[in-house]
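Below is one structure, written out as structure tokens, with a few remarks after it.
All heavy atoms count here, side chains included; hydrogens, waters and symmetry mates do not. One is the number of the first residue; the rest follow in order along the sequence.
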Amino acid sequence: MVENELITEILKEMTPLFKRAKNTVYELRVVDQRYAGQVNFFFEWNQVGRSTISRQILTVPRRRVKDLEGLITTLQLKTMVKVTLV
């Protein structure tokens with residue numbers, strides 16, 4: 001249940017930034033900070049010929065994320081955006 005709430009929260013924060021502009025590449029980057037005990041989510045987009053723009057959309061405690069790989073797979077299916085784990 002917590003995973004579904006987390007996915008909903010990520011989608012809510014990501015939706016205003018996802019404009020579906022022409023010649024633009026979108027990506028959701030997930031950064032697992034093991035020693036800090038948290039997971040950060042960044043939404044990045046890059047128009048052809050321009051630099052990449054990155055916005056931090058969410059930071060959650062690591063204990064709130066039970067299965068990080070499963071979360072990434074679910075996010076890829078729900079958003080149709082490339083999701084990268086760093």
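Remark: Thr8 OG1 to Glu5 CD distance equals 7.5 Å, nearest 0.5 Å. For the atom pair OG1 of Thr73 and CG of Asp67, the computed distance is 8.0 Å after rounding to the nearest 0.5 Å. Here the OG atom belonging to Ser54 is positioned 11.0 Å from the CG atom belonging to Asn46, to the nearest 0.5 angstrom.
Side-chain contact check for Phe18 versus Val81: some heavy-atom pair is nearer than 4.5 Å. With a 4.5 Å cut-off on side-chain heavy atoms, Glu13 and Leu11 do not count as touching.
Following chains of ILVMFWY side-chain contacts shorter than 4.5 Å, one can reach Phe41 starting from Leu85, so the two form part of one hydrophobic cluster. Placement of Leu71 and Val31 in two distinct hydrophobic clusters is found when ILVMFWY residues are connected by side-chain heavy-atom separations under 4.5 Å, directly or transitively.
Between the side chains of Thr79 and Gln76, no donor-acceptor pair is found at a separation under 3.5 Å. Looking at Thr74 and Glu3, their side chains never bring a donor and an acceptor atom within 3.5 Å of each other. Side-chain contact check for Asn23 and Gln47: no donor-acceptor pair (N or O, by modelled atom type) lies under 3.5 Å.
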_If you apply the rule side chain to side chain contact (heavy atoms under 4.5 Å, CB included), what do you find for Val60 with Val65, and how did you get there?_
CA-CA 8 Å; Val60 295; Val65 180; 3.8 Å; yes

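A parallel orientation is assigned to the rings of Phe43 and Tyr26, their planes being inclined by less than 30° (bins at 30° and 60°).
A donor-acceptor pair is defined here as one N or O able to donate and one able to accept, closer than 3.5 Å; no such pair exists between the side chain of Glu44 and the backbone of Arg29. At distances below 3.5 Å, not a single donor-acceptor pair connects side-chain atoms of Arg34 with backbone N or O atoms of Gly37.
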